[in-house]
Amino acid sequence: MDLKALYAQILNEHNINPNHKGVLEDATYTLHGVNPSCGDNIYLQLKIDENGIISDGTFNGSGCAISQASVDMMLDDIIGQPKEEALRLANLFMDMIQGKVDDDTALEELDEAASLKNISFMPARVKCAVLGWHTLEEMLKAGKTSGTGTADHCTTEQ
């Protein structure tokens, strides 16, 4: 199996059998992220303990395979991490998608989310891949506990 086929398999697995799709009844944060250009939308929910550790997370919503798989992979990466580490991983993911980081060794921290590296060559799909990650950033940086992302929410410019 070539690398491209492996990446497609990873994406399909996360889309068809997501690990974190559902509703988190006792979420600390809930934020609705919307990609207005294509209609992808997610409700990202995180439970953060008193030490600032993301102890659980889920997403719900609808969208293309890339948006749904990307947010599921993101949750795999950030659950169990402090908020600061989740933001650092989000920054690394954004740098990867923008083509600023392409060193496979550096991207190992993203685990399966690194399989979305080549999305950077498909501009129409970039917003799909970053929807969950931008929602996470908006949630943690702005301290939003509920609400909806804005129209510029899914741009890849920092």
Side-chain angles (χ1 to χ4, degrees), residues 1-24 27 29-46 54 56-81 85-141 144 147-158:
M1 179 182 297
D2 70 357
L3 200 53
K4 200 174 197 180
L6 177 62
Y7 288 163
Q9 183 179 350
I10 291 169
L11 187 135
N12 283 332
E13 183 60 30
H14 278 276
N15 179 51
I16 294 168
N17 299 307
N19 298 319
H20 304 287
K21 193 161 190 172
V23 176
L24 189 60
Y29 293 90
T30 299
L31 190 61
H32 183 207
V34 178
N35 180 348
S37 66
C38 68
D40 290 345
N41 77 88
I42 61 160
Y43 288 88
L44 179 64
Q45 296 184 294
L46 298 179
I54 299 168
D56 203 358
T58 62
F59 75 98
N60 216 328
S62 61
C64 70
I66 292 171
S67 72
Q68 301 295 288
S70 182
V71 71
D72 194 55
M73 291 180 213
M74 178 195 76
L75 286 164
D76 280 348
D77 287 349
I78 67 165
I79 292 173
Q81 300 295 331
E85 178 63 7
L87 286 169
R88 190 186 70 75
L89 290 171
N91 189 55
L92 178 60
F93 184 85
M94 295 302 171
D95 285 349
M96 175 189 75
I97 292 294
Q98 293 174 3
K100 295 177 183 176
V101 176
D102 65 358
D103 174 40
D104 289 335
T105 304
L107 297 176
E108 285 178 3
E109 291 181 87
L110 294 175
D111 197 30
E112 290 181 332
S115 68
L116 298 174
K117 176 180 170 183
N118 289 329
I119 297 291
S120 63
F121 300 112
M122 298 180 273
R125 304 310 298 236
V126 166
K127 290 181 179 186
C128 304
V130 301
L131 176 60
W133 297 86
H134 270 296
T135 304
L136 172 73
E137 286 183 324
E138 191 169 336
M139 181 185 283
L140 297 181
K141 283 182 179 177
K144 286 192 168 185
T148 301
T150 60
D152 63 348
H153 176 79
C154 292
T155 63
T156 56
E157 298 171 13
Q158 295 293 326

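The first residue of the sequence shown is numbered 1, and numbering continues consecutively from there. Keep in mind that the numbers below use all heavy atoms, side chains included, and drop hydrogens, waters and symmetry copies. This is a predicted model, so every value here is computed, not measured.
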- prompt: Atom CG of L131 and atom SG of C38: how far apart are they, to the nearest 0.5 Å?
  reply: 8.0 Å
query: So, does Q45 use its side chain to make a donor-acceptor pair with the main chain of A27 at under 3.5 Å?
result: no
- request: Kindly indicate whether the side chain of F93, heavy atoms from C-beta on, has any atom under 4.5 Å from the side chain of V130.
  value: yes
message: Tell me if a side-chain donor or acceptor on K100 pairs with a main-chain N or O of L92 at a distance below 3.5 Å.
response: no
task: Could you tell me whether the side chain of L116 reaches within less than 4.5 Å of the side chain of I10, counting heavy atoms only?
output: no
- request: Check whether any side-chain heavy atom of R88 sits under 4.5 Å from a side-chain heavy atom of Q81, and report yes or no.
  value: no
field: Closest approach of G57 to I79 (non-hydrogen atoms, all atoms of both residues)
entry: N-CD1, 3.6 Å
query: What is the minimum heavy-atom distance between C128 and N35, and which atoms define it?
result: N-ND2, 3.7 Å
Backbone N/O of K117 and side chain of S120: donor-acceptor pair under 3.5 Å: yes
- request: In sequence, state the C-alpha distance, the side-chain angles, and the governing distance for L46 and I78, and then conclude on side chain to side chain contact (heavy atoms under 4.5 Å, CB included).
  value: CA-CA 10 Å; L46 298 179; I78 67 165; 4.0 Å; yes
task: Considering only NZ, NE, NH1 and NH2 on the basic side and carboxylate oxygens on the acidic side, decide whether K127 and D40 come within less than 4.0 Å.
output: no
query: Is S115 close to Q9 at the side-chain level, that is, under 4.5 Å between some pair of heavy atoms?
result: no
- request: Carefully, step by step, assess M96 and D102 under the rule side chain to side chain contact (heavy atoms under 4.5 Å, CB included).
  value: CA-CA 6 Å; M96 175 189 75; D102 65 358; over 6 Å; no
Check: V101 and L107 side chains under 4.5 Å, non-hydrogen atoms: yes
- line: What one should report as the nearest heavy-atom pair of A90 and L136 is CB-CD2, 4.2 Å
message: Distance check, rounded to the nearest 0.5 Å: I42 atom CD1 versus M74 atom CE?
response: 6.0 Å
task: Could you check N60 against V23 for side chain to side chain contact (heavy atoms under 4.5 Å, CB included), going step by step and ending with a plain yes or no?
output: CA-CA 7 Å; N60 216 328; V23 176; 3.5 Å; yes
- prompt: What are the two closest heavy atoms between L110 and D77, and how far apart are they?
  reply: O-OD2, 2.8 Å
message: Rounded to the nearest 0.5 Å, what separates atom CG in L24 from atom OG1 in T30?
response: 7.5 Å
- request: Find out whether E112 and E13 are in side-chain contact, i.e. whether some heavy atom of one side chain is under 4.5 Å from a heavy atom of the other.
  value: no
- line: Heavy-atom closest pair (H14 atom, D72 atom, distance to 0.1 Å) is ND1-OD2, 2.7 Å
message: Looking at N41 and V34, would you say the former's side chain and the latter's main chain have a donor-acceptor pair under 3.5 Å?
response: no
task: Show the numbers, then the answer: is there a side chain to side chain contact (heavy atoms under 4.5 Å, CB included) between N19 and M73?
output: CA-CA 8 Å; N19 298 319; M73 291 180 213; over 6 Å; no
query: Where is the tightest heavy-atom contact between W133 and S70, given as atom of each residue plus distance?
result: NE1-OG, 3.1 Å
- line: Rounded to the nearest 0.5 Å, the CD1 atom of I16 sits from the CD atom of Q68 at a distance of 12.5 Å
